[in-house]
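Please read the structure below before turning to the comments.
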Amino acid sequence: MCGRMAMTLPPDAMAQLFAAVPANDLPPVPNYNVCPTDPVPIVTSDAEGGRKLRPMRWGFIPRWYKEPSAGPLLINARAETLAEKPAFRTAARTRRGVVIATGFYEWTKDAEGGRDPWYITRVDGAPLAFAAVWQDWRAPDGEAQLTCAIVTTGANAQMQAIHHRMPVILAQKDWPLWLGEQGKGAATLMTPAADDLLEWHRVSRTVNSNRASGAALIEPLPKDG
């Protein structure tokens, strides 16, 4: 799964990378502890192929929720059932996007049950492009929010050492297909990343708190830590 992220790329750089028009209210960066329900930058593409970079709530809200907390918090969407689940199936066809991150966190447990965090990035240092689906949710009282979930799949052989799931990470050549700019076939992209794409290191348990902040969160844990 993907339950926490770091985002450090400036909005102008994100917009340039995706050739997208940026919104004026993108979330501030750097943020080394992006949590569920926080706004995240996501690239979408309209019917004419025009890309937009805008903020959305990380936590997909199905249309039938009367309020954001009316059901489970849907921060991830399983690739295996994306096209079938009532919450996601329409979005899987018509509302796909790309969430941009610098890295993400995953946790393992020690012998005493303590949660040890790991920080995961691309080996080449490039930004991570997570496959996502999004929803323009509107409440009966008129409240409206743009919301999204990150698509996950089974972990590759290397990632299984930490967790059995991982985000779907899109290669740059596949962005147009996922964004709906190149017709059908996006489902073929929902596969684990190559074993040599990612690297990771242990970080301090400070990040276990959703209130923690600062660049120290992603620093490697000292050998005696």
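Note that these values count all heavy atoms, side chains included, but never hydrogens, waters or copies made by symmetry. Only a predicted model underlies this, so the values are computations on that prediction, with no experimental measurement involved.
Atom CG of D141 has more than 12 heavy atoms from other residues, nucleotides or ligands within 6.0 Å. Counted within 6.0 Å of CD on Q16, heavy atoms from surrounding residues, nucleotides or ligands total 12 or fewer; the atom is thus considered open.
Between the CD1 atom of I218 and the CG atom of N33 there is a distance of 11.5 Å, given to the nearest 0.5 Å. How far OG1 of T44 is from NZ of K52: 6.5 Å, rounded to the nearest 0.5 Å.
Applying the side-chain contact (heavy atoms from CB on, under 4.5 Å) rule to D196 yields the partners A194; only residues at least two apart in sequence or on another chain are considered.
No donor-acceptor pair under 3.5 Å is formed between the side chain of D136 and the backbone N or O of L146. A donor-acceptor contact shorter than 3.5 Å links the side chain of W58 to the backbone of I75. Side chain of R122 to main chain of D124: no donor-acceptor pair is present (N/O by atom type, distance under 3.5 Å, no hydrogens or angles). Without hydrogens or angle criteria, R63 side chain to R138 main chain gives no donor-acceptor distance under 3.5 Å. Here the side chain of T102 pairs a donor or acceptor atom with the backbone of T8 at under 3.5 angstrom.
Looking only at side-chain heavy atoms (C-beta outward), T121 and F104 stay at 4.5 Å or farther from each other. The closest side-chain heavy-atom distance from S45 to F18 is not below 4.5 Å. The shortest side-chain heavy-atom distance between Y105 and W118 does not fall under the 4.5 Å cut-off. The side-chain heavy atoms of T153 and M190, taken from C-beta on, include no pair separated by under 4.5 Å.
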Could you go step by step and tell me if Y119 and W200 meet the ring pair (Phe, Tyr, Trp, His ring centres under 6.0 Å) rule?
CA-CA 5 Å; Y119 182 61; W200 48 84; over 10 Å; no

Show your working on side chain to side chain donor-acceptor pair (under 3.5 Å) between Q145 and E143 and close with a plain yes or no.
CA-CA 7 Å; Q145 288 193 57; E143 178 188 358; 3.2 Å; yes

Yes or no on side-chain contact (heavy atoms from CB on, under 4.5 Å) for W107 and N208, after CA distance, side-chain angles and deciding distance?
CA-CA 9 Å; W107 280 262; N208 291 5; 2.7 Å; yes

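In summary, E80 and K85 do not engage in a salt bridge, as defined by a charged side-chain N under 4.0 Å from a carboxylate O. The pair R51-E181 counts as a salt bridge, with a side-chain nitrogen and a carboxylate oxygen less than 4.0 angstrom apart.
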Side-chain donor-acceptor distances from residues 93-100 under 3.5 Å, at least two apart:
| unit_1 | atom_1 | unit_2 | atom_2 | d |
| --- | --- | --- | --- | --- |
| T94 | OG1 | T90 | O | 3.0 |
| R95 | NE | W134 | O | 2.9 |
| R95 | NH2 | Q135 | OE1 | 2.8 |
| R96 | NE | W178 | O | 2.6 |
| R96 | NH1 | A92 | O | 2.8 |
| R96 | NH1 | R93 | O | 3.3 |
| R96 | NH2 | L177 | O | 3.4 |
| R96 | NH2 | W178 | O | 3.4 |

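By the rule that hydrophobic residues join a cluster once side-chain heavy atoms approach within less than 4.5 Å of another member, V40 and W175 end up as members of separate clusters.
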